[in-house]
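Here's the structure we're looking at; comments come further down.
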Amino acid sequence: MVADDTAGSGDRSEGEKEMDLKEDGDVEMVVPASEGPTEAAVEPRKWKWAVIFLCFFGFMSSIKPGEPFITPYLLSTEKNFTRQEVTNEITPVLTYSYMVVLVPAFLLTDFLRYKPVLIIQGISQVAIWIILLLGTTLLQMQFMEFFYGITMACRVAYSSYIFSMVSPALYQRVAGYSRTAVLLGVFTSSVLGQIFISVGRVSFYTLNAISIGFVSFGLMLSMFLPWPKRSLFFNRTQNQEQKEVAAKSEVAAMNPKEKPKSRWRDSVLPQMLLELRNVVRRPNLRLWSLWWIFNSTGYYLVLFYVHILWNKVYPATENKNVYNGGVEAASTLLSAMTSCAAGFVTIRWNVWSELVIGVITALQAALLLLMGTTDNIWICYAAYVLFRGFYQCLVPIATFQIASSLNKELCALVFGINTFFGTILKSIINLIFADKRGLGLDVHSQFLVYFVYFTILTVVYLVCAAVVIIRHYRNEAREGGGADTQATPTELSPVTADSEVEPLSNGNSAKA
């Protein structure tokens, strides 16, 4: 089972512009910018306390000491499910549930203004741990995974909620606060779980009972969260709407013969959908969006099944010898460090992106081969920690590369669609290789499949890198070095509203 990967995947110190899955995240919404003075700017004391409370909520809702030990619990004598049942019948439900709930959660988050979705997430968390404690049948455990998928899909609400409280100038600061709170919560949760197991010698059942207390407290906190007055698509500020109406009136006056568009086409979401065709024409956006879809698919499949692999490599006879919590804590810490370090990388991404992605994907493929073939649990642990760290190193870079040239609405939609396509691909792979209705492979065979998957991606990336680099130096030689440009660091900061970007098909700028 995965820990809260809004903490692991796509840290908000990346500029808080991604949509993620994750313990290892899933999905995060892009920050909504607003024009003009906001309530947050007018009442600084009020928004400061609101941000503090939300960060406290994020920290507490991430503390689930039993989460790294769900798989050992299901396979233990306390539950007595077989490894085949957990691998081929229980775990696949998580991916299917996430795929089905993701789009409704994304839309409802904006339409209902965040808070109700956070409450739904809290209720789902409580349901997960109640089923874990009281459930005994295979069907009940599948329902547990169904609620887990709801919880993952609802993470978008937290990642975007905080930006409805403050002015755009404060986005980067509060992004760091919110992500730090979640990261610290996941780290604390994993450490606590390991201490309870290794030092306290508590049973898995007791650990899950403790987790129910924490998630119930998180649910209670969600009910006291302030209710935002604006959101990205459906609940825009009056100032925003007045500006858009004025702009449309001006356009109509300049083009009196132009037929007025339908109200549906004039709304934000349909316009963004129409503009997606322009996004796929931009090589840089296309590359990083494809990386987001394909690499995150493999990443999360590994996270979903790695605990089963550990149990097979080292079927511990005593709870105290299970170190899942410690390994998750170490991987969360390394992920935070690599994500932070990625912000200081200074290279020419338009030339070297494919090569960097290819090299890191190759390293991940090698680590997957090692995990799938070793019989040493400590090597398996170390390979997993490094695997997560490599992925998280590229997440903030991908976030910046995608978000830096798009407006807030289109950016949110791009990340949402990338995540949705990735979830569909995960479901297809699960259905073919893991589900008992497909091949129903054991966990070692699945990791060899993931190795082949990452190897194919590596070959594609490296071939594309060779083409891009050769083309670049040929053009540079032809232009006498004129194509050389100064490398700029990947600055993980919010996109300013007045940035210049290429026009879209309707004649407007992507920042309009």
Side-chain angles (χ1 to χ4, degrees), residues 1-3 5 21-24 26 66-99 128 131-132 135-149 151-152 204 208 297-317 319 322-324 327-328 367-377 380-381 383-384 387-388 423 425-454:
M1 202 59 57
V2 273
D5 209 2
L21 325 218
K22 200 284 252 250
E23 202 273 326
D24 279 282
D26 244 330
E67 190 165 51
F69 302 95
I70 290 178
T71 297
Y73 176 55
L74 295 177
L75 295 171
S76 70
T77 55
E78 296 181 60
K79 286 298 179 185
N80 211 29
F81 290 101
T82 67
R83 188 178 293 113
Q84 184 177 5
E85 288 175 327
V86 175
T87 304
N88 304 128
E89 297 184 62
I90 296 176
T91 304
V93 177
L94 170 60
T95 302
Y96 306 147
S97 169
Y98 185 37
M99 179 185 69
I128 289 169
I131 294 174
L132 278 171
T136 56
T137 68
L138 181 65
L139 181 61
Q140 288 169 335
M141 293 305 109
Q142 289 174 329
F143 268 108
M144 180 271 293
E145 293 286 11
F146 172 75
F147 283 111
Y148 214 103
T151 299
M152 290 183 65
F204 289 137
N208 289 331
T297 292
Y299 173 76
Y300 283 110
L301 286 171
V302 170
L303 262 60
F304 293 161
Y305 288 95
V306 73
H307 290 179
I308 304 174
L309 177 69
W310 294 346
N311 181 270
K312 188 173 182 180
V313 172
Y314 184 66
T317 56
N319 293 359
V322 178
Y323 300 103
N324 293 16
V327 177
E328 292 294 355
L367 291 170
L368 287 172
L369 180 62
L370 187 60
M371 281 190 272
T373 55
T374 185
D375 58 357
N376 186 309
I377 189 61
C380 206
Y381 285 156
Y384 169 73
F387 178 85
R388 278 196 62 192
T423 305
L425 184 57
K426 282 196 290 286
S427 299
I428 293 172
I429 294 175
N430 244 341
L431 183 60
I432 295 173
F433 297 105
D435 200 299
K436 75 169 188 176
R437 291 166 291 185
L439 296 177
L441 300 178
D442 64 74
V443 70
H444 267 114
S445 299
Q446 286 188 46
F447 268 74
L448 292 179
V449 169
Y450 304 152
F451 161 69
V452 172
Y453 176 84
F454 273 82

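We count residues from 1, following the sequence as given.
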Between the CZ atom in Phe81 and the CE atom in Met141, the distance rounded to the nearest 0.5 Å is 5.0 Å
How many angstroms lie between CG in Leu74 and CZ in Arg83, if you round to the nearest 0.5 Å? 12.5 Å
Distance from Ile308 atom CD1 to Leu75 atom CG, nearest 0.5 Å? 7.0 Å
List the residues meeting side-chain contact (heavy atoms from CB on, under 4.5 Å) with Leu425, not counting sequence neighbours, and say none if there are none. Phe294, Thr297, Ile429, Tyr453
Quick one: list whatever passes side chain to side chain donor-acceptor pair (under 3.5 Å) with Tyr96, sequence neighbours left out. Asp435
Step by step, work out the salt bridge (charged side-chain N to carboxylate O under 4.0 Å, His left out) result for Asp442 and Lys312. CA-CA 10 Å; Asp442 64 74; Lys312 188 173 182 180; 3.6 Å; yes
Nearest non-hydrogen partners of Thr374 and His444, listed with the distance: O-NE2, 4.4 Å
Considering all heavy atoms, the nearest Cys380-Leu309 contact: SG-CD2, 3.7 Å
Does the plane of the ring in Phe143 sit parallel, tilted or perpendicular to the ring in Phe146? Use 30° and 60° as the thresholds. perpendicular
Do side-chain atoms of Gln446 reach the backbone of Leu441 as a donor and acceptor pair under 3.5 angstrom? yes
So, the side chain of Thr87 versus the backbone of Val443: is there a donor-acceptor pair under 3.5 Å, distance only? no
What is the minimum heavy-atom distance between Ile131 and Met144, and which atoms define it? CG2-CB, 3.7 Å
For the pair Glu145 (side chain) and Gln142 (backbone), establish whether a donor and an acceptor sit closer than 3.5 Å, ignoring hydrogens and angles. no
Can you tell me how far apart CG (Leu431) and NZ (Lys426) are? Round to the nearest 0.5 Å. 14.5 Å
Taking side chain to side chain donor-acceptor pair (under 3.5 Å) as the test, write out the residues that go with Thr95, two or more places apart. Asn430
Please check if the side chain of Thr137 supplies one atom and the backbone of Gln140 the other of a donor-acceptor pair under 3.5 Å. yes
Side chain of Lys79, backbone of Leu132: donor and acceptor closer than 3.5 Å? yes
Residues two or more places apart in sequence or in another chain: which of them pass side-chain contact (heavy atoms from CB on, under 4.5 Å) with Leu369? Thr373, Leu448, Phe451
Intermediate values then yes/no, side chain to side chain contact (heavy atoms under 4.5 Å, CB included), Arg388 and Val302: CA-CA 9 Å; Arg388 278 196 62 192; Val302 170; over 6 Å; no
Which atom names give the shortest non-hydrogen contact between Phe447 and Gly372, and what distance separates them? CB-CA, 4.1 Å
CG-CD1 distance between Leu138 and Ile90, expressed to the nearest 0.5 angstrom: 5.0 Å
Ignoring hydrogens and angles, state whether a donor on the side chain of Tyr384 or Glu328 is under 3.5 Å from an acceptor on the partner side chain. yes
Residues passing the ring pair (Phe, Tyr, Trp, His ring centres under 6.0 Å) test with Tyr381, sequence neighbours excluded, are Trp310, Trp378
Residues which pass ring pair (Phe, Tyr, Trp, His ring centres under 6.0 Å) with Phe454, listed by chain and number, not counting sequence neighbours: Phe387
Are Pro92 and Tyr305 side-chain neighbours, meaning at least one heavy-atom pair lies under 4.5 Å? yes
Whether Arg437 and Glu89 form a salt bridge (side-chain N of Lys/Arg under 4.0 Å from carboxylate O of Asp/Glu) is what I want to check. no
Do His307 and Phe69 make a side-chain contact, defined as non-hydrogen atoms from C-beta onward lying under 4.5 Å apart? no
Any donor-acceptor pair under 3.5 Å linking the side chain of Asn88 with the backbone of Ala434? yes
What are the two closest non-hydrogen atoms of Gly66 and Asn208, and how far apart are they? CA-OD1, 3.9 Å
Are the side chain of Thr423 and the backbone of Met99 linked by a donor-acceptor contact shorter than 3.5 Å? no
Value rounded to 0.5 Å, distance of OG1 in Thr77 from CZ in Phe204: 9.5 Å
